Protein chains: 2
Amino acid sequence: MNLEEIAELTGVSRSTVSRVINNDPNVNESTRERVWAIVRQVNFHPNAAARGLAAGRTRVLGLVIPMGVSALFTDPYFPILIQGVSSACNANDQSVMLWLAEPEYERRTIRQIMHSGLIDGAIVASMLMDDPVVQALAEGDLPFILVGRHPTNTRVSYVDTDNLDGARKMVAHLLRLGRSRVATITGPQNMIAGADRLAGYSAALHDRGLAVDLELIVEGDFTEAGGYSVMQRLLPRRPDAVFVASDIMAVGALRAIRDAGLRVPEEIALAGFDDMPFAERSEPPLTTVRQPTVRMGSTAVEMLIDLIEHPDSAPHRIILPTELVVRKSCGSDLQ
Amino acid sequence: MNLEEIAELTGVSRSTVSRVINNDPNVNESTRERVWAIVRQVNFHPNAAARGLAAGRTRVLGLVIPMGVSALFTDPYFPILIQGVSSACNANDQSVMLWLAEPEYERRTIRQIMHSGLIDGAIVASMLMDDPVVQALAEGDLPFILVGRHPTNTRVSYVDTDNLDGARKMVAHLLRLGRSRVATITGPQNMIAGADRLAGYSAALHDRGLAVDLELIVEGDFTEAGGYSVMQRLLPRRPDAVFVASDIMAVGALRAIRDAGLRVPEEIALAGFDDMPFAERSEPPLTTVRQPTVRMGSTAVEMLIDLIEHPDSAPHRIILPTELVVRKSCGSDLQ
DNA sequence: TATATTTATGGGAGCGCTCCCAGAAAGTAG
DNA sequence: CTACTTTCTGGGAGCGCTCCCATAAATATA
């Protein structure tokens, strides 16, 4: 079934049917209705390939997730992001092409995808500071949006969580509760989120006129096992609070604290970041920072569509706010 | 850049370039090399839409995940499946179109996707016994493969885990350890996996000549909270072992047992299903059944490609084996 | 040497759309 | 009633490929 056949059935031309399908205003109202009736009746859907070829636009967006980092696939961040992207695409009549970029494929395939005209643009959820995928994309002319800000390239558009502010609010909260030796377990410092959350930690200390004690800063790797071992290193330095840069590491840290015979929050206040589903079920429930992951996904889609339609507009940067989620693990209700 | 331009640069015709690109054997070896050289040099990639239109095949596969059930998105099953599908597609030079089917969109969009020629076939990871998406697909003529068997329709191809056998092996294991009141927390009985795992439980009892005690069977919902509350209902019936149909429910059940002042595995042996990452980190580590999720994904891709290329072949059914993972929670090393 | 066969190549047609231009029909103004 | 505008419609061209048929060249067969 194609336009021509619908035209035949309706008694109009292919062009008119096309106009109706595409909501072109220059169609007589009665003609429009007649065409729609037939279209629905025979359950006609225009061929996507032909459309893409003729219009030069496929209405398909690529979602690129570099898999190098994604031991992370064991935490729900990416699934939730995917969900946000997917539902925004549905709402905007776009389709999602998923590309889990395995390291070996990266450069080769990125070129292929970029040049094949399969997608109109891409959303890239990279976490690394200088990801080769981002590099490759920046050299090409396919519109793309980063999820997670880019620290250096000023010509890219991105959406990100306000990691710095979230961390800052959390550490300020711990200080306000009277903790004086607030340590932090950071994320990997080659990841933007890791760096920003550490910057927020430092900023909160500065806000209070406190100096940063390097002994109280240790780098984790966003895994539970990492959180455990790094916490063990931290314990002899006697922190009375620890801001952990991710909930999953916080769970590991919690175990380490327990195994050392210390109590949370009485002896050590513990705070995480992400507000993962398991955070509120931990023992004690974990104080953490909530980030709007679904909204990041949908915002990225909207930004990308905008960029596709206005390729020459200036880069957009959107930073979404975070929210402090206070639970028992930092003992606020005990103060 | 298109075929014609490459042809010009190489001094051959569009057709010959096309043959080279598509590895047609009827090309002179030296011509082939000359063309490839230029193709690589100018970084040419054939236009996907044009290809799709002309060849009637897009080399894009749809991955359909009905979102109704996917509170499940909080567990890593789907992400891992997606990963399996994605990497198999990469390996087979296909792209993945992801479609998280939200309930309202289901029927409307399925038609659209089916008829638009966007994808050559679909992999459907539905869990429900009679999912409307599956229904719609079955009525159309788009090739598709189910991940998770279909209980009634004999004309569909699928790949599944041997849920029945896995459950049976696990319950047999518990019985072998001397447990005499083996209960089960089942999954929802409108999900095939839930039903099959219960069937495996029953089969194991029958294998031993034991009768099924309905008092020891309770239905859960594949969530942790569900596992907790349902376990509380089960406790007064004094089971000495519980086979829980998913790890996430098992974690909930474990808490319930603890909260009741009982010990695992001494007083109650506990076993799960899925071998989720957190299973080995729980306290005590959880005995469970491992299923080959990644392989399911890649198998589905291969089956689908086969089905696309041989649309008239008989339906294939592949059931992949499970593996018992014995850890401390059922106390095998205490016996 | 003539004929059949194989190998390699070129070009036309067509996939199903969109976009543009031309022009008919209808409406408005002078 | 004519001239001009506006509204609506039709058809040609073309997007960049694949597929098929024709044909030239090279090789094998009689």
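Bear in mind that the values here come from a model prediction, so they are computed numbers and not experimental data.
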Participant: Between the main-chain N or O of A:Asp93 and the side-chain N or O of A:Arg59, is there a donor-acceptor pair closer than 3.5 Å?
Facilitator: yes
Participant: Please state how far atom CD in A:Glu5 lies from atom C1' in C:dC17, giving the value in whole angstrom units.
Facilitator: 13 Å
Participant: In whole angstroms, how far is the C1' atom of C:dC17 from the CG atom of A:Asp24?
Facilitator: 15 Å
Participant: Tell me whether the OP1 or OP2 atom of C:dG16 has a side-chain N or O from A:Asn2 closer than 4.0 Å.
Facilitator: yes
Participant: Could you tell me how far apart A:Asp120 (CG) and C:dT18 (P) are, to the nearest whole angstrom?
Facilitator: 14 Å
Participant: What is the distance, rounded to the nearest whole Å, between atom CZ of B:Arg57 and atom P of D:dC17?
Facilitator: 18 Å
Participant: Yes or no on side-chain contact (heavy atoms from CB on, under 4.5 Å) for B:Ile192 and B:Met127, after CA distance, side-chain angles and deciding distance?
Facilitator: CA-CA 6 Å; B:Ile192 300 120; B:Met127 323 240 64; over 6 Å; no
Participant: Can you tell me if B:Thr31 touches the phosphate of C:dT9, counting only side-chain N or O atoms and a distance under 4.0 Å to OP1 or OP2?
Facilitator: yes
Participant: Among the candidates D:dG10, C:dC15, D:dC21, find the nucleotide nearest to the side-chain atoms of B:Ala54.
Facilitator: C:dC15
Participant: Under the 3.5 angstrom rule, does the side chain of A:Asp24 hit a backbone N or O of A:Arg19 as a donor-acceptor pair?
Facilitator: no
Participant: Applying the side chain to side chain donor-acceptor pair (under 3.5 Å) test to A:Arg149, which of A:Asp160, A:Asn163, A:Asp196 qualifies?
Facilitator: A:Asp196
Participant: Rounded to whole Å, please give me the gap between NE2 in B:His115 and P in C:dG16.
Facilitator: 14 Å
Participant: Using a 3.5 Å distance criterion without hydrogens, assess whether the side chain of A:Arg317 forms a donor-acceptor pair with backbone atoms of A:His150.
Facilitator: no
Participant: Can you tell me which nucleotide in C:dT9, C:dG16, D:dC8 comes closest to the side chain of A:Asn47?
Facilitator: C:dG16
Participant: Does A:Ser13 make a side-chain donor-acceptor contact with the base of D:dG11, cut-off 3.5 Å?
Facilitator: no
Participant: Students often get this wrong, so: under 4.0 angstrom with heavy atoms, is A:Asn26 touching a base, only sugar-phosphate, or nothing?
Facilitator: base
Participant: Taking for each residue the nucleotide of DNA chain D with the nearest heavy atom, is it B:Ser15 or B:Leu53 whose nucleotide lies nearer the 5' end?
Facilitator: B:Leu53
Participant: Starting at NE2 of B:His45, measure out to CE of A:Met114 and round the result to the nearest 0.5 Å.
Facilitator: 8.5 Å
Participant: Answer yes or no: is there a donor N or O on one side and an acceptor on the other, between the side chain of B:Thr58 and the main chain of B:Leu118, under 3.5 Å?
Facilitator: yes
Participant: So does B:Gln94 get a backbone contact from the side chain of B:Asn92, meaning a donor-acceptor N/O pair under 3.5 Å?
Facilitator: no
Participant: Near DNA chain D, under 4.0 Å by heavy atom, which residues of residues 34-41 of chain B?
Facilitator: none
Participant: Report the residue from A:Ile82, A:Leu81, A:Leu320 that forms a side chain to side chain contact (heavy atoms under 4.5 Å, CB included) with A:Thr293.
Facilitator: A:Leu81
Participant: Find the distance B:Glu4:CD to C:dG10:C1' and express it as a whole number of Å.
Facilitator: 11 Å
Participant: Of B:Pro25 and B:Ala50, whose nearest nucleotide on DNA chain C comes first from the 5' end?
Facilitator: B:Pro25
Participant: Counting only side-chain heavy atoms from C-beta out, which of D:dT18, C:dT18, C:dT9 sits nearest to B:Arg51?
Facilitator: D:dT18
Participant: In whole angstrom, give the distance that lies between atom NE2 of B:His45 and atom C1' of D:dC17.
Facilitator: 16 Å
Participant: Would you indicate, yes or no, if D:dT18 has its OP1 or OP2 atom less than 4.0 angstrom from a side-chain nitrogen or oxygen of B:Ser18?
Facilitator: yes
Participant: How far does the helix from C:dT1-D:dA30 to C:dG30-D:dC1 bend, going by the axes of its first and last five pairs, to the nearest 10°?
Facilitator: 40°
Participant: On the nucleotide D:dT18, are OP1 or OP2 found under 4.0 Å from the side-chain N or O atoms that B:Asn22 carries?
Facilitator: yes
Participant: Record whether the side chain of B:Arg14 comes under 3.5 Å of the base of D:dT18 through a donor-acceptor pair of N or O atoms.
Facilitator: yes
Participant: Is there a side-chain contact between A:Arg51 and A:Asn47 in this structure, where contact means two heavy atoms from C-beta onward sitting under 4.5 Å apart?
Facilitator: no
Participant: Starting from P on C:dG16, measure out to CG on B:Leu118 and report it in whole angstrom.
Facilitator: 15 Å
